[in-house]
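Remember, predicted model here, so these are calculated numbers, not experimental data. Every number for a ligand or one of its atoms is a count from 1 in the order of the listing.
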Amino acid sequence: MPTSTKTNRTSCTCSNAEGAAGTASNPAAAPQPIETEALIIGAGPAALYLAFQLGLQEIPCHLLDVLPAPGGQCHALYPDKPIYDLPALPVCSGRELTERLLQQLRPFNPPLHLGQLVSTLERRPDGRWHLRSDSGQEWIARLVFIAAGVGAFVPRKEALDGLERFEGRAGDPAAQVCYHAVAAEAALGRHVVVHGGEAAAVELALELAQHLALASAAERARCSVTLLHRSPRFEIEATLQAALEQALAQGRLQLVLGQPVGFVCGPAAHEATPARLQQGEAPQQVWQALQLATPGDG
Ligand SMILES: Cc1cc2nc3c(=O)[nH]c(=O)nc-3n(C[C@H](O)[C@H](O)[C@H](O)COP(=O)(O)OP(=O)(O)OC[C@H]3O[C@@H](n4cnc5c(N)ncnc54)[C@H](O)[C@@H]3O)c2cc1C
């Protein structure tokens, strides 16, 4: 079992409606509380429009969300599904709705603190509110708005004892176990496993495999993409199924059927390697990164 990990669990992403990234907490030092007039818990459509309305009233605000991107359910669960019941917009996708809300909000440019699960909310003696997230970041605000929709999107995690030590937050390049999609560049130089059977998992595996196909032969020798699912049946549409079959036939992607029930370490102390599968066989390779792409699946 590993005794140490390079994964930095305190880093998080802070950006704003213009998309400029910043650092919301300094992992080397205890983060200072952020003071603001208004805080919105959530960055779904209700929160984004609320932030716009606060902007019109000249009330500065910050938005917090546990997800790595704004848009709530629309962006996380159905980015490409058409929405037909929005006023004055005959049809648009969840992704487009999010982009339009962010565009509308841009003049006010409120900070978005992403990857932050708000875990406590308490009234202070001075009447203001004190919030803390699971990363330890704190906020103090006069007004708190809860635009939490159906609740925080927290993935159902892999039930492998000790694996949590390898988890990283979205955007952490050292992360070995992620519960959100990662940038395609993260696959370079790594053997990546994408675990899941829904469209998000298959799309991520294909995107990573496509990225690796463009790399040099020397680079390709050091990386691979494996799709891990408990069944040969995927919950995907016909076009995606065809793309998956083509990638498998061309050897750009491997498919392993099974459910991980344990893991061992790779050669380096920080390398987690899923080791035993209930069905199928584990490939004879060190899986340096285990991507668990679909919250609630696997
Ligand atoms: C498959 C599907 C299809 C849909 N289609 C339509 C449609 O066609 N038309 C329509 O009108 N509606 C549709 N809906 C419903 C619509 O998506 C929701 O009504 C809408 O997303 C609600 O917006 P919201 O901002 O209130 O909440 P949400 O979208 O749920 O956003 C809330 C956000 O708050 C965050 N959050 C909650 N608690 C915390 C916490 N403690 N810390 C940090 N972050 C937190 C969550 O992570 C989330 O991102 C659909 C929903 C689904 C699932």
* Asked: Do the side chains of Leu39 and Ile140 join up, straight or via other hydrophobic residues, at under 4.5 Å, putting them in one cluster?
  ->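 Leu39 does not cluster with Ile140.
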Looking only at protein heavy atoms, which one is nearest to [atom], and how far off is it?
atom                    : answer
atom 47 (O) of ligand 1 : Asp65 OD1, 2.8 Å
atom 27 (O) of ligand 1 : Gly149 CA, 3.2 Å
atom 9 (N) of ligand 1  : Asp85 OD1, 2.8 Å
atom 39 (C) of ligand 1 : Ala152 CB, 3.5 Å
atom 1 (C) of ligand 1  : Tyr78 CD2, 3.7 Å
atom 28 (P) of ligand 1 : Gln73 NE2, 3.7 Å
atom 8 (O) of ligand 1  : Lys81 NZ, 3.0 Å
atom 34 (O) of ligand 1 : Gly42 CA, 3.3 Å

* Asked: Atoms of ligand 1 less than 4.0 Å from Leu77 heavy atoms?
  ->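 Listed by number with element, the hits are 53 (C).
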* Asked: Near Leu67, which atoms of ligand 1 are under 4.0 Å from a heavy atom of that residue?
  ->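 By the 4.0 Å cutoff, the relevant atoms are 47 (O), 49 (O).
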* **Heavy atoms from other residues, nucleotides or ligands near CZ of Arg233 exceed 12 (cutoff 6.0 Å)** =>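 No, CZ of Arg233 has 12 or fewer neighbouring heavy atoms, counting only those of other groups under 6.0 Å.
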* In this structure, are over 12 heavy atoms from other groups packed under 6.0 Å from Gln250 atom CD? ->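 Yes, the 6.0 Å shell around CD holds more than 12 heavy atoms from other groups.
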Heavy-atom pair of closest approach, residues [X] and [Y]:
X      : Y      : answer
Pro68  : Leu114 : O-CD1, 3.4 Å
Cys61  : Ala51  : SG-CB, 3.9 Å
Cys92  : Leu86  : SG-CD1, 3.8 Å
Glu219 : Ala215 : OE1-CB, 3.6 Å

* Asked: Of Gln104, Gln103, Glu96, which is the lone residue that meets side-chain hydrogen bond (donor to acceptor under 3.5 Å, both in side chains) with Arg100?
  ->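 Testing Arg100 for a side-chain hydrogen bond (donor to acceptor under 3.5 Å, both in side chains) against Gln104, Gln103, Glu96 leaves exactly one candidate, Glu96.
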Option set [options], criterion heavy-atom distance to [atom], minimum:
atom                    : options                      : answer
atom 32 (C) of ligand 1 : Gly72, Ala148, Gly71, Ala69  : Ala148
atom 40 (C) of ligand 1 : Val118, Thr120, Leu48        : Val118
atom 44 (N) of ligand 1 : Val91, Asp134, Val66, Leu121 : Val66
atom 46 (C) of ligand 1 : Gly151, Ala46, Gly115, Gly94 : Gly151

* **Region of Ala76 engaging ligand 1 - heavy atom pairs below 4.0 Å** =>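 No part of Ala76 comes within reach of ligand 1.
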* **Heavy-atom protein contact below 4.0 Å for atom 19 (O) of ligand 1** =>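 Looking at atom 19 (O) of ligand 1, one finds that no protein heavy atom lies closer than 4.0 Å.
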* Only one of Leu208, Val194, Leu206 clears side chain to side chain contact (heavy atoms under 4.5 Å, CB included) with Leu227; which? ->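 When side chain to side chain contact (heavy atoms under 4.5 Å, CB included) is applied between Leu227 and each of Leu208, Val194, Leu206, only Val194 qualifies.
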* What about Pro45: any of its N or O atoms under 3.5 Å from an N or O on ligand 1? ->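 There is such a contact, yes.
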* To do: Answer yes or no: does an N/O atom from Pro82 fall short of 3.5 Å to an N/O atom of ligand 1?
  =>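 Checking ligand 1 against Pro82, no N or O pair falls under 3.5 Å apart.
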* **Side-chain heavy atoms of Tyr78 within contact of Ile83, under 4.5 Å** =>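 In short, these two side chains touch, coming nearer than 4.5 Å.
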* **Contact with ligand 1 for Gln116, non-hydrogen, under 4.0 angstrom** =>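 Checking ligand 1 against Gln116, which is what was asked, there is a heavy-atom contact under 4.0 Å.
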* **Whether Asp134 side chain and Leu117 backbone form a donor-acceptor pair below 3.5 Å** =>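 Checked: pair present.
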* Just checking, is any N or O donor in the side chain of His113 or Gln137 under 3.5 Å from an acceptor N or O on the other one? ->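 Note: His113 and Gln137 side chains miss the donor-acceptor criterion.
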